[in-house]
Amino acid sequence: MTEAEVDTRIRALIEPFNKKGVEITDKTTFQNDLEFDSLTVMDFVAEIEDEFDIIISMNQQAEIETYGQLTSAVHKLQDS
């Protein structure tokens, strides 16, 4: 799966979590821009893991702050 395909699928998954209708760019942050709390992050990560059949470790989650970092991480996990 290409990074563009990963991006398209994640955009569809993030839509229900984007309560304020924030424009999603590679630099969009989950904490500041989207105002995700820890429960929302857990729910969103579970959706991504189910959709892509991957596991995102807690260490990886802690390092992912922006949408661009997330799409790159998911793409890399898909390849492994």
Side-chain angles (χ1 to χ4, degrees):
M1 181 177 296
T2 67
E3 197 157 344
E5 291 169 321
V6 168
D7 176 68
T8 300
R9 289 171 70 179
I10 293 175
R11 283 182 187 275
L13 291 174
I14 204 170
E15 198 59 41
F17 295 94
N18 187 2
K19 304 284 188 216
K20 296 189 174 202
V22 173
E23 181 183 354
I24 305 296
T25 69
D26 282 349
K27 297 191 183 318
T28 301
T29 63
F30 296 102
Q31 187 173 13
N32 295 329
D33 297 327
L34 295 170
E35 298 179 5
F36 280 14
D37 59 19
S38 57
L39 183 58
T40 304
V41 169
M42 287 176 45
D43 289 344
F44 182 55
V45 168
E47 291 277 337
I48 290 173
E49 290 176 333
D50 289 347
E51 177 74 18
F52 293 95
D53 195 28
I54 58 172
I55 301 287
I56 302 173
S57 73
M58 293 302 264
N59 288 342
Q60 287 172 306
Q61 288 179 39
E63 294 173 5
I64 297 171
E65 295 178 1
T66 67
Y67 180 82
Q69 290 172 328
L70 175 65
T71 55
S72 293
V74 170
H75 185 251
K76 287 177 188 161
L77 287 168
Q78 281 274 287
D79 288 344
S80 51

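Values in this document were obtained by computation on a predicted structure and should not be read as measured data.
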With sequence neighbours excluded, give me every side chain to side chain donor-acceptor pair (under 3.5 Å) pair touching residues 42-53. R9-E51
Atom pair CG/CD of N18 and E23 - distance to nearest 0.5 Å: 10.5 Å
Taking only residues two or more places apart in sequence or in another chain, which ones pass side chain to side chain contact (heavy atoms under 4.5 Å, CB included) with T28? V22, I24, T25, D33, L34, Y67
The criterion is side chain to side chain donor-acceptor pair (under 3.5 Å); which residues satisfy it with D37, sequence neighbours excluded? T40
Interatomic distance, CD@E63 vs CD1@I56, rounded to 0.5 Å, equals 12.0 Å
Ignoring hydrogens, what is the shortest heavy-atom contact between N32 and E35? Give both atom names and the distance. O-CG, 3.6 Å
Do you know which two heavy atoms are closest between I55 and L77, and how far apart they sit? O-CD1, 3.8 Å
Please name all residues satisfying side chain to side chain contact (heavy atoms under 4.5 Å, CB included) with S57, sequence neighbours left out, ordered by chain then number. N59, Q60
Within the side chain of H75, is there an N or O that forms a donor-acceptor pair under 3.5 Å with the backbone of M1? yes
L13/F44 under side-chain contact (heavy atoms from CB on, under 4.5 Å): CA gap, chis, key distance, verdict: CA-CA 8 Å; L13 291 174; F44 182 55; 4.2 Å; yes
What pairs with K19 under side chain to side chain donor-acceptor pair (under 3.5 Å), at least two apart in sequence or on another chain? none
What one should report as the nearest heavy-atom pair of F30 and I64 is CE1-CG2, 4.1 Å
Partners passing side chain to side chain donor-acceptor pair (under 3.5 Å) against E5 (at least two apart in sequence or in another chain): T2
By salt bridge (charged side-chain N to carboxylate O under 4.0 Å, His left out), which residues pair with E3, not counting sequence neighbours? none
Results of side chain to side chain donor-acceptor pair (under 3.5 Å) for Q78 - residues two or more places apart only: none
For the NZ atom of K76 and the CD1 atom of I54, what is their distance to the nearest 0.5 Å? 12.5 Å
Taking side chain to side chain contact (heavy atoms under 4.5 Å, CB included) as the test, write out the residues that go with E65, two or more places apart. Q69
Heavy atoms from other residues, nucleotides or ligands near CE of M42 exceed 12 (cutoff 6.0 Å): no
Can you say whether the rings of F36 and F17 are parallel (under 30°), tilted (30 to 60°) or perpendicular (over 60°)? tilted
